[in-house]
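A short worksheet on the structure shown next.
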Amino acid sequence: MTSSAETSTSIRRLIRGRAVAVRGNDIDTDRIIPARYLRTVTFDGLGEHAFEDDRAAEGHPFDNPRFAGASILVANANFGCGSSREHAPQALMRWGIEAFVAVSFAEIFFGNCTALGLPCLRASERDVERLMGAVEDDPALVVEVDVEAQSARFGGQSMAAAMPEGPREQLATGTWDALGQLLEAGDEIGRTARRLPYLSSFGRES
């Protein structure tokens with residue numbers, strides 16, 4: 001089953017799909033995307049290098065065909081700690097991840113994910129362990145991450161999964177996408193610019 005975000009690509013109210021569990025506390029951004037990939041001019045192709053060094057050892061879930069196509073990543077505490085590199089959520093998004101459920105997230109990683117429209121919901125350690133176990137037992141299990149209801153649902157079970165009100169509202173209304181809003185408001189911005197005396201004067205002089 002493919003994942004989907006409810007209503008549109010900018011509104012992130014409900015993400016539905018299969019999940020992959022990446023176990024371990026304090027998984028930092030250097031593990032998510034090694035520093036040698038920070039020199040890239042664009043983020044294109046970063047997905048194939050997500051967890052590259054960790055995947056050099058056998059057994060990483062990103063290399064397990066059972067979890068191919070997963071769109072929800074389940075993690076433990078302090079996920080995304082370390083440097084502030086935007087490349088980490090970019091790489092995970094390009095691998096196919098659309099939402100996260102974890103015990104906790106590093107603050108900058110959380111902010112970078114929100115700016116990309118990737119919900120990061122926090123749940124209790126006990127509930128995260130329960131979700132991880134269910135996903136590992138049945139990789140075909142469909143998980144629903146409900147941003148509005150602040151919950152995650154799977155296999156007939158439900159658990160609280162929350163995020164702060166500000167980011168939650170941004171994702172649920174699509175206002176996280178600052179560039180998209182600017183593009184949609186292009187005509188209005190142009191009309192406003194033409195009314196500004198200093199811009200009008202600059203246009204006549206040029």
Side-chain angles (χ1 to χ4, degrees), residues 5 9-15 19-40 42-43 46-47 49-54 60-62 70-132 135 143 145-152 159-182:
T9 56
S10 62
I11 294 175
R12 311 294 287 173
R13 294 174 182 156
L14 180 68
I15 291 82
V20 56
V22 179
R23 291 183 176 271
N25 295 323
D26 305 314
I27 293 178
D28 62 38
T29 52
D30 192 53
R31 290 176 62 185
I32 295 171
I33 186 69
R36 59 186 174 274
Y37 293 108
L38 303 189
R39 297 189 294 270
T40 56
T42 72
F43 297 119
L46 279 187
H49 302 294
F51 291 112
E52 183 165 282
D53 292 344
D54 283 10
H60 194 279
F62 269 41
S71 59
I72 297 166
L73 191 153
V74 189
N76 294 113
N78 201 27
F79 186 77
C81 60
S83 74
S84 61
R85 66 188 65 168
E86 184 184 0
H87 298 65
Q90 287 279 0
L92 294 173
M93 180 175 69
R94 282 164 169 72
W95 189 84
I97 299 301
E98 297 182 17
F100 301 84
V101 178
V103 176
S104 61
F105 300 90
E107 184 177 355
I108 295 176
F109 178 86
F110 179 96
N112 286 338
C113 284
T114 302
L116 294 173
L118 303 174
C120 294
L121 281 75
R122 301 182 180 97
S124 71
E125 186 174 348
R126 180 178 179 180
D127 282 341
V128 165
E129 181 61 35
R130 182 160 56 100
L131 177 55
M132 283 180 161
V135 166
V143 178
V145 174
D146 195 326
V147 174
E148 285 199 308
Q150 304 277 282
S151 67
M159 62 187 238
M163 64 189 309
E165 178 59 23
R168 186 206 66 79
E169 184 176 356
Q170 286 180 304
L171 291 164
T173 60
T175 55
W176 63 269
D177 186 3
L179 178 58
Q181 292 183 76
L182 284 173

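Here the structure is a predicted model, which means the values were calculated and not measured. These numbers come from the heavy atoms of this one structure, side chains and all, not from hydrogens, waters or symmetry mates.
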[X] bridged to [Y] by N-O distance under 4.0 Å:
| X | Y | answer |
| --- | --- | --- |
| Glu148 | Arg12 | no |
| Arg130 | Asp127 | yes |
| Arg36 | Asp53 | yes |
| Glu165 | Arg168 | yes |

Would a 4.5 Å heavy-atom cut-off, applied to side chains only, mark Asp146 and Arg13 as touching?
no
Can you find a pair of side-chain heavy atoms, one from Glu169 and one from Thr175, that are under 4.5 Å apart?
no
For Ser104, what residues pass the side chain to side chain donor-acceptor pair (under 3.5 Å) criterion, not counting sequence neighbours?
none
Sub-3.5 Å donor-acceptor pair from the side chain of Asn25 to the main-chain atoms of Asn76, do we have one?
no
Using modelled atom types and a 3.5 Å cut-off, is there a donor and acceptor pairing between side-chain atoms of Thr29 and backbone atoms of Ser83?
yes
Check: His49/Glu52 side-chain N/O donor and acceptor closer than 3.5 Å:
yes
Among Leu92, Val145, Leu121, exactly one meets side-chain contact (heavy atoms from CB on, under 4.5 Å) together with Phe100. Which residue is that?
Leu92
Phe62 meets the ring-ring contact (aromatic ring centres under 6.0 Å, His included) criterion, sequence neighbours left out, with Phe51, His60, Trp95
Establish, yes or no, whether the cationic atom of Arg122 lies under 6.0 Å from the six-membered ring centre of Phe110 and within 45° of the ring axis.
yes
